[in-house]
Number of protein chains: 2
Amino acid sequence: MPSSRPSLVQIAERVGVSPATVSRAFNRPELLSDATRERILATARQLGFRPSKVGSSLRSGSTRTLGLLLPTMSNPVFAACFEGAEERALKAGYSVMLATTGYDSRRERAAAHSLLDHRVEGMILTVADPARSATLAELTASGLPFVLAYNESDRHPFVSVDNLAAAGDMVEHLAASGHRRLAMISGPLDASDRASKRLDGVLDRAARLDLPAPTHVSMPRHTAADRDRLRSLLSSPRPPTALFCSNDLLAASVIAELATLGLRVPDDLSVCGFDGMAFGALMVPSLASVHQPSSEIGSQACHELLNALGGGSSRSVRLPHRLSGGGTVARLPVD
Amino acid sequence: MPSSRPSLVQIAERVGVSPATVSRAFNRPELLSDATRERILATARQLGFRPSKVGSSLRSGSTRTLGLLLPTMSNPVFAACFEGAEERALKAGYSVMLATTGYDSRRERAAAHSLLDHRVEGMILTVADPARSATLAELTASGLPFVLAYNESDRHPFVSVDNLAAAGDMVEHLAASGHRRLAMISGPLDASDRASKRLDGVLDRAARLDLPAPTHVSMPRHTAADRDRLRSLLSSPRPPTALFCSNDLLAASVIAELATLGLRVPDDLSVCGFDGMAFGALMVPSLASVHQPSSEIGSQACHELLNALGGGSSRSVRLPHRLSGGGTVARLPVD
DNA sequence: GGACAGACTGCAAACGTTTTCATGGTTGCA
DNA sequence: TGCAACCATGAAAACGTTTGCAGTCTGTCC
């Protein structure tokens with residue numbers, strides 16, 4: 001029953017060797033004679049001793065810890081990203097420290113500071129908009145290596161999909177299914193540059209395909225106003241036949257909302273999302289979406305970060321997207 | 001451009017005071033004269049200095065960090081738990097270190113060791129079965145304060161719902177809706193004591209209500225065998241009219257599976273789950289489930305842990321559950 | 001005028017490691 | 001036998017903080 005955790009020194013005394021030797025037993029075991037090594041490891045095990053990362057971080061100047069700063073774990077997209085990054089980091093012998101921002105820039109800044117204080121050696125993060133992020137500016141100034149996830153930027157390394165093209169591809173698919181009048185539904189644009197890029201992609205591709213310009217509806221918070229906005233969109237003279245939601249969570253809630261209005265998807269109206277979250281495939285009908293490989297985004301971002309830590313540099317990477325699901329989009333008769 | 005992060009001492013030299021004074025500028029600012037404090041904070045800001053938690057942890061002997069050890073972030077239940085715990089921890093001035101186990105006991109042990117090495121001051125964790133968890137045994141031996149989340153145990157503090165009663169209540173609801181032939185679908189029981197408890201709850205309550213004993217089907221992995229098992233269950237002479245799945249994710253995938261078999265929920269068959277994940281409410285029809293307050297489980301577990309760290313003790317808490325959703329359960333005609 | 005309180009700051013040790021350099025012992029080889 | 005090379009280990013300094021103790025000033029009160 002070791003009431004207080006023993007230290008290297010206590011093990012050293014107990015075994016009758018110097019602290020240096022105990023340290024080596026854990027870090028460079030090949031340097032020791034079999035006898036001493038065994039003796040040390042045995043007593044260590046017996047007393048429940050494991051070397052403190054606090055001590056070693058201080059002395060070695062490296063914490064072997066990475067920071068992960070993501071909006072929320074409630075969105076399975078970021079949860080998957082975390083898991084991808086965590087796995088990659090562990091393989092490289094790094095620990096991960098996760099903090100969430102709740103899409104709030106104050107929390108974002110505070111969390112970043114906390115990670116910095118913990119002396120993480122690098123950071124993977126998703127911000128609202130790289131061009132206007134105070135956190136990102138501070139981070140750049142601090143000189144800490146970091147990689148953006150999901151964001152796209154021409155000033156910072158990032159890992160994402162090509163949001164513009166991806167959204168366009170979904171428009172193409174909708175058009176091929178006979179849809180001409182589209183609407184884009186998104187959350188507040190200033191909370192996500194991805195949503196903006198996707199909106200641009202929708203508008204661009206619609207224009208290219210000679211579709212009427214899609215309406216854009218922003219559903220800021222989950223309020224009664226949202227429901228009204230949706231209802232008025234649908235009761236307009238020439239209502240859209242397909243709603244493109246800027247992410248899957250939103251798409252799911254729009255579908256639920258439509259159900260309360262007595263509208264069935266895809267019979268009365270088509271709906272699609274963006275993210276390709278695993279859950280969408282389980283919905284009935286399966287959610288049409290633009291799949292982005294979230295777990296790979298996380299692991300790839302981690303990979304790039306590790307490159308930077310290894311003295312190399314981080315490239316920006318756009319991973320391939322693909323359309324997934326599809327049950328919520330109807331094939332319209334040509335007329 | 002501070003190429004290498006400055007330390008307390010460098011700030012002290014720059015300002016012309018002792019390191020002790022700089023330290024106090026951050027920790028006990030009220031002890032300093034306004035002049036010195038300002039001078040110190042100014043240069044600190046200018047050089048981008050923030051005190052290192054590594055140094056302070058070492059000296060003070062406290063990291064003010066909590067460990068969180070959960071099966072996976074892909075299950076929104078645990079994601080919500082994390083967020084609840086994180087929020088509570090931050091409020092108390094603690095950081096959180098999250099690690100996932102993937103339901104794998106080897107990873108679980110390794111992750112626990114890692115957290116221990118980081119000198120977290122306490123731990124919140126969910127294990128497969130508290131009675132047989134090697135990790136839990138080690139943790140107990142180490143003397144580190146911890147609180148179980150979701151697990152129930154009579155030997156360790158925990159925060160959960162009353163799984164037995166909760167599952168029973170759902171059976172009661174099913175019976176009240178006219179269902180008599182039930183089946184319980186779960187993952188591998190040895191991966192989750194919750195599933196076992198819920199199965200017991202189902203059997204107990206069914207017996208109490210004079211229902212025929214529910215069948216139990218275990219769908220270990222997501223294989224073709226699962227589909228067969230499901231199919232053979234449904235083609236038995238007196239097939240169940242309702243499937244109780246041991247968690248929501250499973251329920252969703254069962255519903256999707258049924259759809260591929262041409263069966264509609266709830267028209268042809270009723271399905272319900274357990275967890276009350278936010279997502280279930282968005283499904284159409286909404287997923288009938290036993291809601292457990294995951295975010296509160298996280299925050300409450302954190303609360304209990306903080307109590308222990310404050311010199312008090314951690315109580316075990318069973319938070320209230322409630323039935324949620326309900327669209328996937330049909331009301332059967334009495335015959 | 002002297003004692004005293006109070007406000008502010010400095011000194012130095014300590015926390016648990018890692019790592020460079022040095023040391024003593026052993027072996028190999030001529 | 002002598003010298004080099006090598007192996008296993010130790011001594012000590014350093015990493016960035018915190019904090020008890022002590023010191024130096026002020027100003028106050030009798």
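Each chain gets a letter, A, B and so on, in the order its sequence line appears, and its residues count up from 1. Keep in mind that this is a model prediction, so the values were computed, not measured.
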(Q) Can you say whether a donor on the side chain of Arg59(B) sits under 3.5 Å from an acceptor on the base of dT17(D), or the other way round? (A) no

(Q) Could you check whether the side chain of Arg24(A) and the base of dG10(D) have a donor-acceptor pair of N or O atoms closer than 3.5 Å, going by distance alone? (A) yes

Q: Could you state the atom-to-atom distance from CG of Leu58(B) to C1' of dC15(D) in whole Å?
A: 9 Å

Q) Any ion pair linking Asp117(A) and Arg50(B) (charged N to carboxylate O, less than 4.0 Å)? A) yes

Q. Nearest to the side chain of Ser18(B) - dG16(D), dT18(C), dG10(C)?
A. dG10(C)

Q: Taking all heavy atoms of Ala79(B) and all of Met73(A), pick out the closest pair and write down the distance.
A: CB-O, 3.2 Å

Q | Side-chain N,O (Ser52(B)) to OP1/OP2 (dG16(D)) below 4.0 Å | A | no

(Q) So, OP1 or OP2 of dT18(C): does either fall under 4.0 Å of a side-chain N or O from Ser23(A)? (A) yes

(Q) Return whichever of Ala20(B) or Ser60(B) has its heavy-atom-nearest nucleotide of DNA chain C closer to the 5' end. (A) Ala20(B)

Q) Can you check the Arg119(A) CZ to dG16(D) P distance for me, whole Å? A) 9 Å

Q: Would you mind reading off the distance between Glu13(B) atom CD and dT17(D) atom C1', rounded to a whole angstrom?
A: 15 Å

Q: Could you check how far CZ of Phe26(A) sits from P of dT18(C), rounded to whole Å?
A: 10 Å

**Q.** Separation of atom CD in Glu38(A) from atom P in dT9(D), rounded to whole Å
**A.** 12 Å

(Q) Under 4.0 Å, heavy atoms only, any strand: does Phe49(A) hit a base, just the sugar-phosphate, or nothing? (A) sugar-phosphate

(Q) Once you apply a heavy-atom cut-off of 4.0 Å, does Val17(B) come out as touching a base, just sugar-phosphate, or nothing? (A) sugar-phosphate

Q | Euclidean distance, atom CG of residue Asn27(A) to atom C1' of dT20(C) [Å, nearest integer] | A | 15 Å

(Q) What is the separation between atom CZ on Arg64(B) and atom P on dT17(D), rounded to the nearest whole Å? (A) 18 Å

Q: Could you tell me whether Glu121(B) and Arg64(B) make a salt bridge, using a distance below 4.0 angstrom between a side-chain N and a carboxylate O?
A: no

**Q.** Side-chain N or O of Ser33(A) closer than 4.0 Å to phosphate OP1/OP2 of dT9(D)
**A.** yes

Q. Does dG10(C) have OP1 or OP2 sitting under 4.0 Å from an N or O in the side chain of Thr21(B)?
A. yes

Q: Mind telling me whether His156(B) and Phe146(B) have parallel, tilted or perpendicular rings, with 30° and 60° as the class edges?
A: tilted

Q.
What's Leu8(A) touching, base or sugar-phosphate or nothing? Going by heavy atoms closer than 4.0 Å.
A. base

Q: Test Tyr150(A) against Ser294(A) for side-chain hydrogen bond (donor to acceptor under 3.5 Å, both in side chains), laying out the working first.
A: CA-CA 9 Å; Tyr150(A) 297 100; Ser294(A) 282; 2.8 Å; yes

(Q) If I take atom CZ in residue Arg37(A) and atom P in nucleotide dT9(D), what distance separates them, rounded to the nearest angstrom? (A) 10 Å

Q: For Thr36(A), answer base if it contacts any base atom (sugar-phosphate contacts may also be present), sugar-phosphate if it contacts only those atoms, and nothing otherwise; contact means non-hydrogen atoms under 4.0 Å.
A: sugar-phosphate

